[in-house]
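In what follows, chains are A, B, ... by sequence order, proteins preceding strands, each numbered from 1. Computed over heavy atoms, backbone and side chain alike; hydrogens, waters and symmetry mates excluded.
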Amino acid sequence: MSAVNAGSGSRNPGDSGEPAILIEHAVKQYGSFTAVNDVSFSVGTGETLGLLGSNGAGKSTLIRMITTLVPLTSGRIRLHGVDVSVNPDRARLSIGVIPQAMTSDVDLSIEENLSIYAKLYGVPRAERRKTIPRLLELVNLADRRNSLVGSLSGGMRRRVEIARGLVHYPQILILDEPTTGLDPVSRTDVWEMLTTIKRERQLTILVTTHYMDEADRLCDRIAIMEKGRLVALDTPFALKQAVPGSRASTTLDDVFVHFSGRELVS
Amino acid sequence: MMRALAIVERELRKFIRTPVLLTMTLVMPILNLLVLGSAFGGQVRHLNVAVVDEDGGPAARRVMDAIYTLQANGDVVRPVMFANEVEAARGVRDGSVQGAMILPSDFSRRVYAGDEPRVGLLLDNTDGVVSGAIRGLLTGAVQEARRPAPTPRVGRAVTLDAVELYPFMPYMRYMLPGVVTLAMFMTVMIGGGMSYLDDKQRGVHEGYLVTPITKFELLLGQNLAGVVKSVAAGVLVALMGALIAGVLQAFTPLRLLALVMLIICVSFAFMTMMSCIMARMDNPMVPRAMFGVLNTLLYFPSGAIYPVQSLPGWLRWISVINPFTYGVHGLRAVLLKGATLPVVLPDIGFLILFSMLMFTGAVTLFRRTL
Ligand SMILES: Nc1ncnc2c1ncn2[C@@H]1O[C@H](COP(=O)(O)OP(=O)(O)OP(=O)(O)O)[C@@H](O)[C@H]1O
Ligand SMILES: [Mg+2]
């Protein structure tokens, strides 16, 4: 019930030295099925980490654990030193989440969607008045602020979701397949926007994608999951080097094929 | 509180943007009132009755006169002359007439001899209402055969002088409280139950759950929003229904206050019950399927369309813990008997208790994770 300070004060992580995201032996089991199997890695403050993996690899499940939506079966996840299982509300305040399914309200306008989320995050009114127009500007939707979300194109809707994830000035932005289903132009739009936002706000970004070229160009490091396990984690360059018989023309597609142990028919 | 209110704001903004939902929840109860209210409980009329007059004597004539009188007064019974009993029986079977009366050949003679005159009556007892009405009407008509008899009737029937406390009550008025309650129930079912699970499936809830909203705030917001919608529907249907049934003009401010209080309490009871039921559900088809079940289980044994007193024991138990019963009871008192707040306090008390129990249940059952 108490309004949480979501202003500039929460932008600086109090616990310095801790990585933005720290995952230690995270396990998620659904019955006897292990969706995430002993995954450990960390994401540094200000870093952009791309999470790759085939369908069903466990990416969304891992993201749901980080975003407190799914309790861990075992292991530990800390965001700037805040354990998501111990102190979920504080953890929630530090992250902006853009889930895989587009979840904005189609019957409400862009501005109403943002305003309601700002309230859910406890952003005080004065802050809301300043932030929302700025965000709309940032995602290039200022002129459409009163349009119903249902009337927008897929790319615009994604941008609404991204703006929504930023209403409370989170330190970490977590996006699950933000560019899936978008045309190449909209995809580029989204990524350019993320780059701008990142520069402006010093965000840590964790993003999943199935587009290797995107990951290659925009991520500082890449993690590859397969069948619930983390099978590779390094910079795109280093990952390409690690592929047997790598050449200058080796792409992240080759890396993906190599680490996922699957064939790519081309 | 800001977070709970944000949920309320969201729900209500959606609600006013989808007027079709509001219209649907209003149209069905009002239709119910108009169609069922006019169809049931009214006098059954236009009954075709086969008459076989094998007697042709003066007593039979008098019976026929009585039947023609019934026909003249409101077209209640329409006699159709048949040649013999076999044909009349066939008429009843094939449905061309709803009943048949056979005046046997010795009818007049027996009437005058005081020798237990008998009249045959063939009834289609697959329809209890119609056959009951015919039996009643013809019993009356047959008495006419003895009217001019010189001796007064022996063994006069004991008559019961019923005193009706309230003015004439057509069935439509009887139904009004139930219809108002039904409107609230439907609003909660559609606006609270179905839309909640639709949201859940579309992932709207996933969006909420990553914010720091507590489950108490989330449920409080949803319940308040549901109650606002349900109160809107309840008040609208109550006023429209009262206008249609012709009881609105008798309303005083105090009665209106009692009415609104009751509507609010019933709304809370329904909405919290719905949130308790939906707390652990994911499949949006379930509330659609459940609608019929709940309707049958709660609406019918509530006294809304048939008196609670007529229910067998096990149904009576349902009616005792059924918020519908208290809603209907309270609304009947206010809408039809002119009661004000003090009279319906027991109903309101139960509804508040019920709501608190259900809300506690909802908060306990609800899981804040996927
Ligand atoms: N609630 C659940 N109950 C049971 N199994 C689940 C549940 N959620 C996910 N899974 C299973 O866990 C595995 C990982 O699913 P997840 O959604 O994390 O994959 P993903 O890597 O995000 O795939 P995609 O690229 O298709 O989005 C899948 O096999 C899925 O069926
Ligand atoms: Mg996924």
Do other residues, nucleotides or ligands put more than 12 heavy atoms under 6.0 Å from the [atom1] atom of [X]?
{"X": "K227(A)", "atom1": "NZ", "value": "no"}
{"X": "R129(A)", "atom1": "CZ", "value": "no"}
{"X": "M261(B)", "atom1": "CE", "value": "no"}
{"X": "R368(B)", "atom1": "CZ", "value": "yes"}

Output the distance between atom [atom1] ([X]) and atom [atom2] ([Y]), rounded to the nearest 0.5 Å.
{"X": "H168(A)", "Y": "T211(B)", "atom1": "NE2", "atom2": "OG1", "value": "9.0 Å"}
{"X": "L209(B)", "Y": "L120(A)", "atom1": "CG", "atom2": "CG", "value": "10.5 Å"}
{"X": "L69(A)", "Y": "Y208(B)", "atom1": "CG", "atom2": "OH", "value": "14.0 Å"}
{"X": "D107(A)", "Y": "K14(B)", "atom1": "CG", "atom2": "NZ", "value": "4.0 Å"}
{"X": "R10(B)", "Y": "E112(A)", "atom1": "CZ", "atom2": "CD", "value": "11.5 Å"}
{"X": "R202(B)", "Y": "S104(A)", "atom1": "CZ", "atom2": "OG", "value": "10.5 Å"}

Region of [X] that comes under 4.5 Å of a non-hydrogen atom in chain B:
{"X": "D105(A)", "value": "side chain"}
{"X": "I98(A)", "value": "neither"}
{"X": "S109(A)", "value": "backbone"}

Provide the closest heavy-atom pair for [X] versus [Y] in the form atom of the first, atom of the second, distance.
{"X": "P99(A)", "Y": "E206(B)", "value": "CB-OE2, 3.8 Å"}
{"X": "T369(B)", "Y": "T68(A)", "value": "CG2-O, 4.1 Å"}
{"X": "P212(B)", "Y": "L93(A)", "value": "CG-CD2, 3.6 Å"}
{"X": "R3(B)", "Y": "G122(A)", "value": "NE-N, 4.2 Å"}

#### Entry: Structural part of R17(B) lying under 4.5 Å from a heavy atom of chain A
side chain
### Task
Write out, in numerical order, the residues from residues 269-282 of chain B with a heavy atom short of 4.5 Å from a heavy atom in chain A.
none
#### Entry: Most contacts with chain A, counted as non-hydrogen pairs under 4.5 angstrom, among V210(B), T18(B), V204(B)
V210(B)
